[in-house]
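Report on one structure; see the data block that follows.
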Number of protein chains: 2
Amino acid sequence: MELMSFLKQVPLFAGLTAPQYDELAMIITLQDYARGQSIFAEGDPGTGFYVVMEGLVKIYKLSIEGKEQILHIFGPGEPFAEAAVFIGSTFPAHALALEKSRTIFIPRHAFIELIQANPALAMNMLAALSMRLKKFAHLIEDLSLKEVPGRVAAHLLYLSTQQGDSDTVKLNIGKAQLASLLGTIPETLSRILSKLGKQGLISSDGPQITILDRDGLEDLAMGEKL
Amino acid sequence: MELMSFLKQVPLFAGLTAPQYDELAMIITLQDYARGQSIFAEGDPGTGFYVVMEGLVKIYKLSIEGKEQILHIFGPGEPFAEAAVFIGSTFPAHALALEKSRTIFIPRHAFIELIQANPALAMNMLAALSMRLKKFAHLIEDLSLKEVPGRVAAHLLYLSTQQGDSDTVKLNIGKAQLASLLGTIPETLSRILSKLGKQGLISSDGPQITILDRDGLEDLAMGEKL
DNA sequence: CGCTGCGTTGAGCTTCTTCAACGATCGTGG
DNA sequence: CCACGATCGTTGAAGAAGCTCAACGCAGCG
């Protein structure tokens, strides 16, 4: 079945033996979500964690007034909500499917047994959590030390490297979502993209953005004033 | 020796056997730092990680213009810079001793061998990293979704629970450091503490702050306007 | 065809930072 | 022991960045 071939592609599970893959396949369950459907809410009991199989999932926090800050956006092969498993607490954020999505769910208890029998799996998980920490540290740095234009520039450059260092990048999420990911609001993002265009740094055509002045963007991303 | 009794108190090392403690003691080195001395800089190769034995250590990011954002402040028994060990990368932030401090240093390679032989140690480390992630998520939420008065209120309440739910809390760090931890600057923090005082929510005497209206502070911390 | 979600633009305002000056405290060296 | 300088905290006035509120255009879809 294709589930097995998917599992073998997930970096987190690299290094498992064939019987261990079978064991893993026994304990997981598949779950489907429609676009816009909630996967879990902050405060729900963390009885296990997830791996995205298809689609796109956002992890986010909400303020009382309804403002949203996206913490992560995960695509196929990426695990999420692992942290709750190891501290036995509730989910510290919300999760929602941005597109029609399918996830695998791995229950806490069975996974802990699996990991204790598998040093390789433990090391994979340690590496995954460490990467997550590094990304968070970067987000905190951006939010606290950079102005919004700098965050936008940094994100465009990030997308460029993600997409093969092309000078034309395609946004995989809507601009309202992007604004929330960058810690701002759609209006501000729109103004900044327009300003970057007028300065000749980028040219923008809907979700297609072309980088015209890479050095200029890099200066901005480092903290230069616009 | 007292080193051994210290090691046995560190939560991260809980569950090791006596010979494993001996092994641990063999691979670590002690390091002393004066107040204000740098421990490592962002970008240094991450050849191992640390545990605070005495003193106080801050982990922080710097912007080009020199503005600082503190990520963590660690005291005795707390490990730091573990993440770099598991992704084999450079340190993603700076570390500096806020007081005269002593740390133990655990080299990467020896520790990885130790952890692979010890499921309990691996689980401890997974829990530690997960807690770290949760704290980061909380910091991101504060920076992005709360105004500065809300962050101050939340921090005062946090200190109160840390210090036995007393209504009188004592700041363990200077106000300039606190400002940097909360993502603002000393001037703004000073004005806000003064305003909270005028509103009758707190009374402030140097590093001693008394909570007068706990409910009021909690409203603020949740996002209410001042 | 109208509705709804998404993106854009404009005007005004709030919050926070910047810049500057000043007082207090503390550690140190004369 | 006192005086000095450095660091820290506070306060004031001005400015900048980004947010709120409101209106509008546009595309996709029932």
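In what follows, every chain begins at residue 1, and chains take the letters A, B, ... in the order their sequences are listed. Basis for what follows: all heavy atoms, side chains included, without hydrogens, waters or symmetry-related copies.
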Calculate the interatomic distance between Leu193(A) atom CG and dG18(D) atom P; express it in whole Å. 13 Å
Take atom NE2 in His138(B); do more than 12 heavy atoms of anything else shown fall under 6.0 Å from it? no
Interatomic distance, Leu143(B) CG vs dT17(C) C1' [rounded to whole Å]: 16 Å
Gln163(A) meets the side chain to side chain donor-acceptor pair (under 3.5 Å) criterion, sequence neighbours left out, with none
Using the benzene-type ring in the case of Trp, are the ring centres of His72(A) and Phe136(A) under 6.0 Å apart? yes
Evaluate the ring planes of Phe111(B) and Phe13(B), with Trp represented by its six-membered ring, and classify them as parallel (under 30°), tilted (30 to 60°) or perpendicular (over 60°). perpendicular
Verify the distance criterion only: is there a donor paired with an acceptor across the side chains of Ser101(B) and Glu54(B) at less than 3.5 Å? no
Test: Glu141(A) and Lys146(A) ion pair at under 4.0 Å: no
Round to the nearest Å and state the distance from Arg35(B) atom CZ to dT7(D) atom P. 10 Å
Rounding to a whole Å, what distance do you find between Lys195(B):NZ and dT10(D):P? 15 Å
Just by distance, do the side chain of Asp205(A) and the backbone of Gln208(A) share a donor-acceptor pair under 3.5 Å? no
Tell me which residues in residues 169-185 of chain A lie within less than 4.0 Å of DNA chain C, going by non-hydrogen atoms. Gly174(A), Lys175(A), Ala176(A)
Write down the protein N/O and nucleotide N/O pairs, taken from nucleotides 9-15 of chain C, whose separation is under 3.5 Å; answer none if there are no such pairs.
residue : atom : partner   : partner atom : Å
dG10(C) : N7   : Arg191(A) : NH1          : 2.7
dG10(C) : O6   : Arg191(A) : NH2          : 3.1

Can you check whether Thr188(A)'s main-chain N or O pairs, donor with acceptor, with Thr184(A)'s side chain at less than 3.5 Å? no
Just the rounded figure in Å: distance from C1' of dC8(D) to CG of Leu189(B). 12 Å
Looking only at heavy atoms, the pair that brings Leu71(A) and Ala93(A) closest together is CD1-CB, 4.0 Å
For atom CD of Glu68(B) and atom C1' of dC8(D), their distance in whole Å: 15 Å
Without decimals, in angstroms, what is the distance between Glu65(B) CD and dA16(D) C1'? 14 Å
For the pair made of CD1 in Ile192(B) and P in dT10(D), what is the distance, rounded to whole Å? 12 Å
